[in-house]
Number of protein chains: 4
Amino acid sequence: MINVTVWNEYRHEKESDEVRSVYPEGIHEQLKSFLKDEFTVHTATLDEPEHGLTVEVLENTDVLIWWGHKAHQDVSDEIVNRVHERVLQGMGLIVLHSGHMSKIFIKLMGTTCDLKWREADERCHIWTVDPSHPIAEGLGECIKLEKEEMYGEHFDIPAPEELIFINWYEGGEVFRGGCTYRRGNGKIFYFQPGHETYPTYYHKDIQRVIKNSVRWANPTANTYPTYGHHQPVVPIQKK
Amino acid sequence: MINVTVWNEYRHEKESDEVRSVYPEGIHEQLKSFLKDEFTVHTATLDEPEHGLTVEVLENTDVLIWWGHKAHQDVSDEIVNRVHERVLQGMGLIVLHSGHMSKIFIKLMGTTCDLKWREADERCHIWTVDPSHPIAEGLGECIKLEKEEMYGEHFDIPAPEELIFINWYEGGEVFRGGCTYRRGNGKIFYFQPGHETYPTYYHKDIQRVIKNSVRWANPTANTYPTYGHHQPVVPIQKK
Amino acid sequence: MINVTVWNEYRHEKESDEVRSVYPEGIHEQLKSFLKDEFTVHTATLDEPEHGLTVEVLENTDVLIWWGHKAHQDVSDEIVNRVHERVLQGMGLIVLHSGHMSKIFIKLMGTTCDLKWREADERCHIWTVDPSHPIAEGLGECIKLEKEEMYGEHFDIPAPEELIFINWYEGGEVFRGGCTYRRGNGKIFYFQPGHETYPTYYHKDIQRVIKNSVRWANPTANTYPTYGHHQPVVPIQKK
Amino acid sequence: MINVTVWNEYRHEKESDEVRSVYPEGIHEQLKSFLKDEFTVHTATLDEPEHGLTVEVLENTDVLIWWGHKAHQDVSDEIVNRVHERVLQGMGLIVLHSGHMSKIFIKLMGTTCDLKWREADERCHIWTVDPSHPIAEGLGECIKLEKEEMYGEHFDIPAPEELIFINWYEGGEVFRGGCTYRRGNGKIFYFQPGHETYPTYYHKDIQRVIKNSVRWANPTANTYPTYGHHQPVVPIQKK
């Protein structure tokens with residue numbers, strides 16, 4: 001059974017009645033609620049010791065889901081480096097919505113990961129452009145959200161290794177809303193939906209994408225490569 | 001100087017007053033008009049002998065631009081194979097708008113190249129998602145067309161090697177509107193805009209993209225690879 | 001359970017004592033022998049009616065494995081088109097060794113798929129360059145074959161969407177030996193090893209790669225996209 | 001004219017007679033010697049103030065070439081961040097040989113960039129796998145070096161956006177030896193050859209690849225994208 005750790009900044013929910021009205025127990029608990037039937041789910045939040053991401057927790061995590069927004073700078077570099085190392089070792093990482101500006105995502109991408117944004121209760125259509133991808137399994141052609149925060153191009157990321165979803169927004173923008181990457185032995189999926197004031201994580205198709213992505217990001221069982229000085233695989237014929 | 005051949009089906013313009021009012025001398029002549037200052041431009045059309053694409057013409061073409069729509073089936077397989085061979089040898093190919101269903105594009109892609117479409121005088125926004133690409137040189141962030149035919153996902157193409165533009169349409173769709181591929185020694189660029197009843201090819205930024213793409217698709221001067229039975233590069237050490 | 005059809009040209013084995021000594025019942029039976037514990041395996045060969053690939057057989061095939069070499073031209077275009085259509089619908093396709101020049105692979109790639117080759121009993125090292133990929137699951141860093149036919153670059157294929165293995169040959173060449181592609185809804189994997197006079201398909205790691213690739217290529221359950229004329233997803237605001 | 005800054009660690013040459021005998025004036029001067037006919041070339045080295053990479057120098061650099069090996073840790077984070085920012089703004093970056101472990105390359109890649117290595121005076125064959133790429137212009141199929149340090153897979157980098165060269169080594173390894181990436185508005189090329197004790201940078205084809213890569217990495221003139229809060233491109237139709 002895949003071990004999932006859902007990490008949430010968990011501050012909006014404490015400070016805002018509006019957000020709390022949507023996610024009374026926190027975004028992490030809502031994510032856990034639909035993941036726990038299929039996966040072993042653990043949660044962790046920013047204000048726990050070590051942000052809830054101890055060495056032991058990460059060693060027991062196959063896939064880490066990350067939701068953060070207003071307090072990216074409060075995440076300690078030590079924990080970011082610890083998560084980074086685990087991803088390179090093979091842990092899957094699912095970065096949601098405003099997590100695009102998290103230290104861990106920026107460290108893995110090598111770019112600013114910046115974008116355009118607007119809060120205007122806009123309709124959002126999420127089109128599948130790679131129907132053969134397992135992360136798109138069971139979906140129709142388009143997921144329609146009545147309201148989502150607009151994220152617009154240019155999204156300053158490396159070209160996705162696989163582009164699965166493209167978002168349309170009422171106000172005139174598009175966005176590469178579902179992107180995969182591999183770093184070291186780890187698989188990474190960025191998925192745009194999930195503004196804290198909208199009930200996005202109650203939407204069945206959004207839940208399905210996240211569940212699909214956890215299965216996809218589950219570590220591949222491999223001999224970890226060796227690096228450094230290397231003996232010849234065959235004797236070298238000297239001239 | 002780059003030798004460009006602009007190929008146009010050239011039937012809409014003869015049969016439709018509406019199209020002729022936009023492109024009185026044919027789409028090929030309008031394309032030639034803004035290309036000829038920088039490139040050596042030749043034109044060819046469907047109803048000429050060999051569709052204007054004789055062996056000699058292709059041998060003297062560095063980059064071929066293709067516009068076709070209603071008569072894809074009237075292009076002979078012999079000429080399609082001739083163009084295909086030249087692309088693999090290194091000739092650049094720029095496929096415009098409804099050329100996505102041309103025999104040559106389908107043969108190079110290996111898929112149906114089908115898509116959704118709608119004629120509804122919709123606004124179209126073409127967003128640059130790869131600002132570093134030479135095909136995007138000199139552009140702003142977004143090209144806005146007051147009217148363009150909607151082309152929507154799923155676009156049944158192989159994942160683009162480089163995705164440069166994504167289109168937004170008023171009606172709710174998105175489209176991968178600027179895509180590059182390499183086949184053999186040849187570079188290929190597909191660009192969505194150019195419905196025959198709209199003045200798209202009079203738009204300065206659309207013209208700029210096409211000019212940029214010709215420069216990008218110009219053949220790379222190389223020793224053509226050898227294939228088949230191959231002598232050892234070094235003596236094989238027998239065991 | 002995944003339904004696999006193993007297609008083999010099955011002529012070398014009938015005509016050559018040397019090949020028959022390695023694969024007495026045919027390459028297809030050897031492939032079936034290690035696949036059947038995990039998958040439902042059916043076989044088909046060139047000289048059966050419709051090459052054994054009837055509409056019914058293909059409709060009941062999730063993943064098709066293809067081994068062909070000397071008789072590519074004897075495969076009828078009608079069957080090639082039937083297989084092509086099924087791949088675009090979602091059927092996985094695993095192309096082995098000399099299948100790189102099969103009509104179906106060439107049709108899907110859009111290039112010549114040509115390469116350099118040499119039979120010289122050379123050692124071949126197959127290095128994993130994407131250890132996170134499920135097709136590499138359970139492997140070490142390098143598969144060593146005492147003898148394999150050399151296939152060398154330039155390999156005239158589109159840039160692989162995922163490059164998983166690179167081959168080293170004693171004589172001085174390299175080769176992109178494990179490549180994935182997606183076409184339509186179908187997943188495609190090309191894997192180099194398998195010359196008919198060597199016992200390659202008895203090698204446990206080669207068997208593992210093929211089994212991994214079948215799991216990877218299994219169709220994704222999706223609503224097949226719709227194409228053609230499309231109604232607005234949202235009403236278009238006229239100006 | 002393209003402004004190139006060649007950065008060299010420049011310590012091996014001062015400390016080792018063997019290295020000095022190959023590059024008496026330093027690797028940077030040898031690189032400059034064949035670049036200066038075509039480009040405006042400036043040099044900078046580690047032990048200069050600000051490592052020779054002042055704000056002014058970088059503002060006047062179109063393409064930065066980086067050679068470092070034993071003193072990566074002596075490069076200050078402040079300068080690394082300065083170079084990083086310039087790359088994202090559009091400055092090209094050519095990373096040579098042991099520069100794969102430089103702070104700037106690691107920061108842009110998001111991985112360890114580690115690999116296998118061996119010094120054994122091995123023959124190295126550099127095969128072109130993307131003959132259409134401008135960085136391969138004017139080359140044959142294979143560059144043969146009598147001696148080069150072996151760099152072997154797994155090379156812990158993100159999958160290259162374009163893989164142009166694959167290296168073969170006498171001892172049995174392969175390596176992705178010529179890789180391109182885009183980060184922000186900047187183009188990046190990694191090229192493997194250039195061990196300090198071998199005369200690699202005197203080889204005409206190696207020089208040609210580096211010159212080609214400078215032309216390719218030259219910044220694209222664009223409106224730099226805007227990020228952050230964004231007004232609607234079109235009025236949003238409220239429901």
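By convention in this document, chain letters (A, B, ...) are assigned in the order of the sequence lines, proteins followed by strands, and residues within each chain are numbered from 1.
- Proximity to chain A is limited to the side chain of D:P225, based on heavy atoms less than 4.5 angstrom apart.
- Contact annotation: the side chain of A:I210 approaches that of A:Y201 to within less than 4.5 Å [non-hydrogen atoms, C-beta and beyond].
- Using a 4.5 Å cut-off between heavy atoms, A:R182 contacts chain D through its backbone alone, with no side-chain atom that close.
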### Message
Apply side chain to side chain donor-acceptor pair (under 3.5 Å) to residues A:S132 and A:D130 and explain how you reach the verdict.
### Response
CA-CA 5 Å; A:S132 72; A:D130 186 353; 2.9 Å; yes
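- Looking at heavy atoms from C-beta onward, A:K187 lies in side-chain contact with A:W216 at the 4.5 angstrom threshold.
- Annotation: maximal heavy-atom pairing with chain D below 4.5 Å, among A:P232, A:G184, A:G152, occurs at A:P232.
- Of all residues in residues 92-110 of chain A, those placing a non-hydrogen atom less than 4.5 angstrom from a non-hydrogen atom of chain D are A:K107, A:L108, A:M109, A:G110.
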### Query
How far apart are the C-alpha atoms of A:F155 and A:F175, what are their side-chain angles, what is the distance that settles it, and do they pass the ring pair (Phe, Tyr, Trp, His ring centres under 6.0 Å) test?
CA-CA 7 Å; A:F155 184 17; A:F175 190 70; 4.6 Å; yes
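- At least one side-chain heavy atom of A:H51 sits less than 4.5 Å from a side-chain heavy atom of A:W7.
- For D:Y181 and D:Y190, the ring centers are positioned 6.0 Å apart or more.
- Only the backbone of D:Q231 comes within less than 4.5 Å of a heavy atom of chain A; no side-chain atom from C-beta onward does.
- A side-chain donor from one of D:D156 and D:T112 sits under 3.5 Å from a side-chain acceptor of the other.
- We find that A:E137 and A:R215 are not joined by a salt bridge, their nearest charged nitrogen and carboxylate oxygen being 4.0 Å or further apart.
- Per-residue counts of heavy-atom pairs under 4.5 Å with chain D were compared for A:H229, A:H154, A:E173; the largest is that of A:H229.
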